[in-house]
**Student:** 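Once you've had a glance at the structure underneath, I'll fire off some questions.
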Amino acid sequence: MNGPSRALLKDKRSLAEITAQFQALLKRYAATRSLAKVKLLHGHTITADMLHSSLGSAEDVRPYMVVSYSRCGEVRYARKLFDELPQPGVVVYNHMMRICVDRGEYFGVLKMFVELLQLGYCAPDKYTFPLVFKACSELSSVELGRVIHGQTLMSKFGSGTIVQNSLLAMYMNCGQKEEARKVFDAMKEKSVVSWNTMINGYFKNGCAQTALVFFNQMVDFGVEIDGATAVSVLPACASLKKLNVGRRVHAAVEKKVLGNNIVVRNALVDMYVKCGSMEEAKSVFDGIVEKDVVSWTSMINGYILSGDVRKALVLCKAMQIEGIRPNSVTIASLLSACASLKYLNDGRCLHGWVMRQKLDSEVVVETSLIDMYAKCNCVEVSFGVFARTSRKRAAPWSAMLSGYNYNGLAAEAVGLFKQMLMEGVKPYEVTFNSLLPAYATLADLQLAMNLHCYLMKSGFLSTIEIATSLIDIYSKCGNLEFAHKVFNAIPEEIKDIFSWSVIIGSYGVHGHGKTAVSLFSQMVQSGIKANEITFTSVLHACSHSGLVDEGLNLFKLMLKDQKTNPGDDHYTCIVDLLGRAGRLNEAYDLMIRMPFRPSHAVWGALLGACVIHGNVELGEIAAKWLFELEPENTGNFVLLAKLYSALGRWEDAENVRHLMNDVGIRKEPAHSLIEVRKM
DNA sequence: ATTGGGGTCT
């Protein structure tokens, strides 16, 4: 026997002295992560306990044991000792919570926190709160986070920079950027971490622009950037394609020597790739001495984005020669490239490789395989892959749904969705992106009502995009009443330009022009500015219902508006509107004064109107242009022939029909055979 | 003893 135990046996010193020695030793061992020594000491404490039956000293030492074990990563012992402690203090609690965080047991953190609050003899401290906020953040529990935020404000830790930083991260990760902003603005001392958290948080919440604003402010304030700043701001530059800002960050990285960090280098490669500068991406990539799988994957993705899938595949080989194995992300990236280019063979090769590498059970890989086969129009193979997945996660189901949708199999998509629900898989928002169009295609009222019911119960209907799709589905089913009910149920303040456009369009398509126009003015009154899409919907509605004056007024409104420029669609609507009303010359005058050359659609609208009203003069002009703009469209010949026949000009009609048959064979420009009198 | 951080797909 040696060390402290022997000291205890001899009992030359007081218990307090020995306890202090134990504590000091344990602290040192914890700092140096010396697990073996901690274990030895643990043994000594047990011996000491037995010999002296003086638990007093051991009670002072055991909390230190817990801390040391947890620092050394020996979770089992730490847990056991912790459970045996009669009165664990806040420090021990903090260490146990840290263990939970490291193991991803966030609910355990919350349980311990509540326990700690109920103890009565001690309270959470500045080390406790960051751990608890981390747990709230990972569990996406803002409600709880807010409560604990309130608690920090009541305590003296609410003004601590580190506590506030973890609070920022919690709000940002829960999607509450406004609340994060309030905390940030109120912070007395902002550290570089605070700025980084804001930049990164805004980017993650879809506000890349604001992320850059914060970055610029940070630089203006003279805050020294670090590696995490670079890693947070570069993706924002990438998504906004701000090559110049990216280059400035790169320069700062070089100046501050942050580039030893491979994470920073990889972020730079990705930024250059996304900004389309492959030369710069390659030069950063070449400069990385020890490239990891992320460096390679970013570069591979770069070649894919620049359209060189062959080179991407070559690089994938090169990386393996260098001894780096592609991971599921690399594969997912390559497979998505094969999908969009319909490279079925390369996709199959990758599939085989993935199976041999045993990467085929990763969800991302499964999902991209399903997507790749579907995009290559091999739905059966796609389903085969899908059937072999564990089917517990929503992603493969979503991929399969979008696969069915892509291949025009709407009924299958709806059937699969039902099965998904029966198997208890919870969809997420993007699942509906591919599912809802299928319902619109089927246009089955009973199915739509079932869906409506589900969306209400599951709460997804409160998502504006999904509610908007449902309006469209009801409209496609011909049920404007339900469509309008769904529209009315959307709270006024979240109705956006898209939901208004869809309801206006729905009334327009079903010939209720007046309602469409009145909805349009309601929208403007509610403070939403019309855009090109809404104008298309409302003008379409006018032309469908023959509301000439209303249509012309709206069109004038559009011309006056600086923000909305009439495009081809709008001219098509107006020409159609005037044409149907028999005001053909007005329509033609408008076309001549158009700021750009009328497309086939505009000419088509004019020709259609000429047929209705028997106007050969303008009809021939329109036909001449149409034959030039879309020589393959035989419909235009049919229309012109119809125009001639209606006026009893049988011979001309017959000629046009011959012409139509010839075009397919001779590819001779048809318009040369038609005499154009005026143009 | 604490806080923030890279590439893909859904």
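The sequence lines fix the lettering, A, B, ..., with proteins before strands; numbering per chain opens at 1. It should be emphasised that the depicted structure is a prediction, and the values quoted were computed from it without experimental measurement. Side chains included, hydrogens not; waters and symmetry mates left out as well; all remaining heavy atoms used.
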**Student:** Does Thr297(A) reach a base, just sugar-phosphate, or nothing at all? Heavy atoms under 4.0 Å.
**Tutor:** base
**Student:** What orientation do Phe417(A) and Phe432(A) show, parallel under 30°, tilted 30 to 60°, or perpendicular over 60°?
**Tutor:** perpendicular
**Student:** For residues Leu26(A) and Met65(A), determine if any side-chain heavy atom of one lies less than 4.5 Å from a side-chain heavy atom of the other.
**Tutor:** yes
**Student:** Which part of the nucleic acid, if any, lies within contact of Arg393(A), taking any heavy atom under 4.0 Å across all strands shown: a base, the sugar-phosphate backbone alone, or nothing?
**Tutor:** nothing
**Student:** Taking CD1 from Ile324(A) and C1' from dG7(B), how many angstroms apart are they, rounded to a whole number?
**Tutor:** 14 Å
**Student:** Hey, does Ala267(A) reach any base, or is it just sugar-phosphate, or nothing, if we go heavy atoms under 4.0 Å?
**Tutor:** nothing
**Student:** For Ile288(A), is there any backbone N or O sitting under 3.5 Å from a side-chain donor or acceptor partner on Lys291(A)?
**Tutor:** yes
**Student:** Please work out which residues in residues 193-204 of chain A have a non-hydrogen atom less than 4.0 Å from an atom of DNA chain B and list them by number.
**Tutor:** Val193(A), Asn196(A), Thr197(A), Asn200(A), Lys204(A)
**Student:** Side chains of residues 304-318 of chain A: which donor-acceptor pairs under 3.5 Å do they make with residues two or more places apart or in other chains?
**Tutor:**
unit_1	atom_1	unit_2	atom_2	d
Ser306(A)	OG	Gly302(A)	O	3.2
Ser306(A)	OG	Tyr303(A)	O	3.2
Asp308(A)	OD1	Lys311(A)	N	3.2
Arg310(A)	NH1	Asp346(A)	OD1	3.4
Arg310(A)	NH2	Asp346(A)	OD2	2.9

**Student:** Looking at Asp226(A) and dG4(B), is any side-chain donor or acceptor paired with a base atom of the opposite kind under 3.5 Å?
**Tutor:** yes
**Student:** Counting only side-chain nitrogens and oxygens, does Arg71(A) get under 4.0 Å of the OP1 or OP2 atom of dT2(B)?
**Tutor:** no
**Student:** Looking at Met372(A) and Cys338(A), what are the two nearest heavy atoms and their distance?
**Tutor:** CG-CB, 4.1 Å
**Student:** Which is true for Lys134(A) with a 4.0 Å heavy-atom rule: it touches a base, it touches only sugar-phosphate, or it touches nothing?
**Tutor:** sugar-phosphate
**Student:** Whole Å only: how far is the CG atom of Asn165(A) from the P atom of dG5(B)?
**Tutor:** 11 Å
**Student:** Does Phe107(A) CZ have over 12 foreign heavy atoms under 6.0 Å away?
**Tutor:** no
**Student:** When you measure from the side chain of Val364(A), which nucleotide among dG7(B), dC9(B), dT10(B) comes out closest?
**Tutor:** dC9(B)
**Student:** Identify which nucleotide among dG7(B), dT3(B), dA1(B) has an atom closest to any side-chain atom of Pro235(A), counting heavy atoms from C-beta outward.
**Tutor:** dG7(B)
**Student:** To the nearest angstrom, how far is Lys126(A) atom NZ from dT3(B) atom P?
**Tutor:** 13 Å
**Student:** The side chain of Ser336(A) lies closest to which of these nucleotides: dT10(B), dC9(B), dG7(B)?
**Tutor:** dC9(B)
**Student:** Given dT8(B), dT3(B), dT10(B), which nucleotide is nearest the side-chain atoms of Val430(A)?
**Tutor:** dT10(B)
**Student:** So which nucleotide from dG5(B), dT10(B), dA1(B) ends up closest to the side chain of Val264(A)?
**Tutor:** dG5(B)
**Student:** Name the nucleic acid region contacted by Asn327(A), choosing base, sugar-phosphate or nothing; use a 4.0 angstrom heavy-atom cut-off, strictly under.
**Tutor:** base
**Student:** Regarding Val91(A), tell me which of base, sugar-phosphate or nothing describes its non-hydrogen contacts under 4.0 Å with the strands shown.
**Tutor:** base
**Student:** Considering every strand and a 4.0 Å limit on heavy-atom distances, what is the contact class for Lys274(A): base, sugar-phosphate, or nothing?
**Tutor:** sugar-phosphate
**Student:** Round to a whole Å and report the spacing from CG of Asn94(A) to P of dA1(B).
**Tutor:** 13 Å
**Student:** Just wondering, are more than 12 heavy atoms of other shown residues or ligands nearer than 6.0 Å to NZ in Lys242(A)?
**Tutor:** no
**Student:** Measure the distance from CG on Leu26(A) to P on dA1(B) and round it to the nearest whole Å.
**Tutor:** 13 Å
**Student:** Take the protein atom CG of Leu315(A) and the nucleotide atom C1' of dG7(B), then report the distance between them rounded to whole Å.
**Tutor:** 13 Å
**Student:** Measure from the side-chain heavy atoms of Asp125(A) and tell me the nearest of dA1(B), dG7(B), dG4(B).
**Tutor:** dA1(B)
**Student:** Could you tell me whether Tyr428(A) contacts a base, only the sugar-phosphate backbone, or nothing, with contacts defined as non-hydrogen atoms closer than 4.0 Å?
**Tutor:** base
**Student:** Using a 4.0 Å heavy-atom cut-off, does Asp292(A) contact any base of the nucleic acid, only the sugar-phosphate backbone, or nothing at all?
**Tutor:** base
**Student:** Taking atom P of dG5(B) as reference, at what distance in whole Å does atom CG of Asn205(A) sit?
**Tutor:** 12 Å
**Student:** Rounding to an integer number of Å, can you tell me how far Lys291(A) NZ sits from dG7(B) C1'?
**Tutor:** 16 Å
**Student:** State whether Lys375(A) places a side-chain N or O below 4.0 Å from either non-bridging phosphate oxygen (OP1 or OP2) of dC9(B).
**Tutor:** no
**Student:** Using a 3.5 Å cut-off and no angle test, enumerate the donor-acceptor pairs between side-chain atoms of residues 200-208 of chain A and protein atoms at least two apart in sequence or in another chain.
**Tutor:**
unit_1	atom_1	unit_2	atom_2	d
Lys204(A)	NZ	Asn173(A)	OD1	3.3
Asn205(A)	ND2	Met172(A)	O	3.1
Asn205(A)	ND2	Gly201(A)	O	2.9

**Student:** Strictly distance-based, threshold 3.5 Å: is any side-chain N or O of Asn407(A) a donor or acceptor partner for the main-chain N or O of Ala374(A)?
**Tutor:** yes
